[in-house]
Amino acid sequence: MTNSADLVLDGLARRYGSTTAVARMDLTVAAGELVALLGPSGCGKTTTLRMVAGFIEPSEGRILLRGKDITTMPAHQRDTGMVFQSYALFPHLSVAENIAFGLKRRGVPKPEIAQRVARMVALLQLQGLEARLPKQLSGGQQQRVAVGRALVINPAVVLLDEPFSNLDALLREGTRIELRRLQTELGLTTLFVTHDQAEAMAISDRIAVMNKGRLEQLGTPREVYERPATRFVASFIGRANIFVSRDGRSEDGIPLDGPEGTLVLRPERVTLDEAPAEGPNAVAGTVDLLSFLGTGTQAVLRLPGGRQLLVEGPASLADRFHTGGPATARWMRDDLVALPAE
Amino acid sequence: MTSLRSPLGWVLRGMAVLGFIYLLGPLLVIVAASFSDTGYLAFPPQGFSLRWYHAALADARYLTGFFVSLRLAAMVAVLSLIIGTAAAVALTRFAFPGSVLLEALFLSPLVLPALVLAVALTLFFSANPIAPPGMTRLVISHLLVGVPMVLRVMLPVLRRVDPAIEEAARNLGASPTKAFFLVTLPVLRPGLIAAAALAFIFSFDEVEMALFLGSVRDAPLTVVLYGAAQMQMDPTVAAVSSLLILLALLLMVAQQMYANR
Ligand SMILES: Nc1ncnc2c1ncn2[C@@H]1O[C@H](COP(=O)(O)OP(=O)(O)O)[C@@H](O)[C@H]1O
Ligand SMILES: [Mg+2]
């Protein structure tokens, strides 16, 4: 893994006056790997991406691309292909000219440019639109031109900044599957910025979860979901009930049979029934909310201590329980996942 | 939408025609009068003659005035474009304290009557003779209106252009200079041309400041015409005006053809 590293961020940091946008970030992206930078708005994702592209100078640290230190290299000499959140298509150039732009700058011979543009147009299903101007395209088509323009130069690393945020929900899912397929097929090393955890889970090899400029956890989608490293990761990726367990009880007095310390209980691990709560890992409460989600039902159980316990179960939950009525929540010992001590 | 066939549609059409007559009527009167075969301005024209055109072109004052105006307007257009665009870039790309106030301040000369500016500038220059009377003073004065005009055009143009396109160009391998010439400039060009044309036409047509601040030697065409119209109201004035109308018409057609290209 280390010797096929395409992109290495080594202690990369950026400060603006007294605010730290990115704090000493260490990250390695392997050849052909897609890593998502995931985190809430303002956590430093764009700043990180723009340092790699060469638009922002790091305050500290180094960037290595295919083993070469590019930390101080001007943007236009770096071999990166960026897809901008706003697409940033050249409004005065046609679709074909937009895609050909990077190839022309690299002095690729004309016949080869035509051939590579045509291939990209076909890959992205833009046939027949080659002569159009960006303003004559739909949002989805513009997005594909932006992707094509960045990929056609076959960059050492592809950088995407929330590329789907301007698409409607349906188009977004289709497009991200399409992008993932293209990325795997072409073996592109990719750094992908998003604040949407479902999107990151769906298409990444690994996810780098960021919070307030810090890298909180780096791991596969399953690792960050099943073994969150911090409280923040646990509640940002999926939904979580969090207990602080001491001497077999949570801070609000629920008897727990599991590890000590901060524990994460995922809503889908909790079951509901009508029997009384006895022993540990069971608690009775009042149903506050039942919402049918299509694939299942989400319930909020209000516990005597005031806590709202999140529960996700089959659609039938909505038939067996009703808002305002009683229910007992249960879970297994293994469902309580301890966070590493902070 | 109101159908154009409805009674209201006919009323609207009628009003549009009246509007055109109102706007273009005076121009037609001037053009018609310039062909009159009389020694005074006559409308409707009597007879047909080109001799006032001969007279206009033979009169050195008009030709000199024309070239003074051309030089003046060209300098005002270029300088307004440079200063106005730079200011517009600063106002749109960098948010700094007071930028909103500065924008309002920049645009304020547009709302002052030219006569007020002319009087104020005359007083200013007599108190501070920083430039000799004539061309230099005229250029400085016209910039007071030309720069805000360019700003007026370029502010919305720059606000519409995605600042990321220049970065996209650099990301794809264009040096900063190349990115400017391959992307930024072509995208801004229609706006720049429109802005320069506006400043040029303003300066070329301006009378008040030219009267107050110009010198006899550097009298722009408008001042020459103004003098002639007061002294001898013969059809030469109409002939010169008609030539100017023709020139404006050609410029407008050229601009439209460029815009619709
Ligand atoms: N040019 C700048 N000047 C000052 N602060 C900035 C600048 N750019 C970004 N920041 C700050 O850095 C932090 C990270 O920003 P950004 O990388 O854009 O976050 P994200 O892309 O994750 O939403 C934010 O708190 C933001 O306010
Ligand atoms: Mg961002």
Side-chain angles (χ1 to χ4, degrees), chain A residues 46 49-56 70 73-94 97-108 113 117 133-135 142 145-163 166, chain B residues 81 85 88-99 150 152-198 254-261:
Chain A
T46 297
L49 205 69
R50 290 169 59 79
M51 284 195 280
V52 176
F55 299 133
I56 297 180
I70 59 161
M73 189 185 269
H76 67 279
Q77 287 165 8
R78 301 186 182 194
D79 195 12
T80 71
M82 180 141 171
V83 178
F84 292 78
Q85 189 168 8
S86 61
Y87 309 148
L89 297 180
F90 306 129
H92 62 303
L93 299 182
S94 69
E97 288 166 332
N98 262 280
I99 297 177
F101 192 91
L103 296 173
K104 276 194 190 153
R105 302 286 80 71
R106 282 162 173 71
V108 174
I113 290 183
V117 169
L133 290 175
K135 63 169 181 243
Q142 292 182 6
V145 176
V147 168
R149 188 177 68 174
L151 298 197
V152 76
I153 56 175
N154 199 13
V157 61
V158 178
L159 307 171
L160 301 122
D161 192 357
E162 315 228 3
N166 292 321
Chain B
L81 197 63
T85 306
V89 168
L91 285 171
T92 49
R93 293 294 184 260
F94 315 104
F96 47 88
S99 63
V150 171
R152 215 339 110 66
V153 176
M154 292 313 290
L155 278 175
V157 170
L158 281 164
R159 291 213 167 102
R160 258 202 326 272
V161 173
D162 183 355
I165 58 171
E166 205 165 308
E167 288 178 344
R170 285 199 280 144
N171 178 253
L172 292 167
S175 65
T177 324
K178 269 239 153 110
F180 177 78
F181 283 107
L182 288 173
V183 173
T184 314
L185 193 60
V187 169
L188 297 183
R189 190 177 291 142
L192 291 171
I193 289 174
L198 264 182
Q255 218 246 299
Q256 275 304 310
M257 279 169 64
Y258 171 81
N260 295 336
R261 188 178 45 128

Chain A contact via B:Ala179 - side chain, backbone, both or neither, heavy atoms under 4.5 Å: neither

If you compare all heavy atoms of [X] against all heavy atoms of [Y], which two are closest, and at what distance to 0.1 Å?
X	Y	answer
A:Arg105	B:Ala174	CD-CB, 3.7 Å
B:Ala168	A:Ala88	CB-O, 3.8 Å
A:Leu89	B:Ile165	O-CG2, 3.4 Å

Look at B:Pro176, B:Pro163, B:Ala169, B:Pro186 and state which one has the largest set of heavy-atom pairs under 4.5 Å with chain A.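 Answer, by heavy-atom pair count under 4.5 Å with chain A: B:Ala169.
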
Answer with side chain, backbone, both or neither: which region of A:Arg149 has an atom nearer than 4.5 Å to a non-hydrogen atom of chain B? both

Please classify the contact between A:Leu93 and chain B as side chain, backbone, both or neither, with a heavy-atom cut-off of under 4.5 Å.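 Neither part; nothing is under 4.5 Å.
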
Once rounded to the nearest 0.5 Å, what's the spacing between atom CG of B:Asn171 and atom CZ of A:Arg78? 10.5 Å

Tell me if a side-chain donor or acceptor on A:His92 pairs with a main-chain N or O of B:Leu182 at a distance below 3.5 Å.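 A pair under 3.5 Å: yes.
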
Does the side chain of A:Phe84 reach to within under 4.5 Å of the side chain of B:Asp162, using non-hydrogen atoms?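 SC-SC contact between A:Phe84 and B:Asp162 ruled out.
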
Where do A:Arg50 and B:Glu167 land on the side chain to side chain contact (heavy atoms under 4.5 Å, CB included) test, with the steps shown first? CA-CA 10 Å; A:Arg50 290 169 59 79; B:Glu167 288 178 344; 2.8 Å; yes

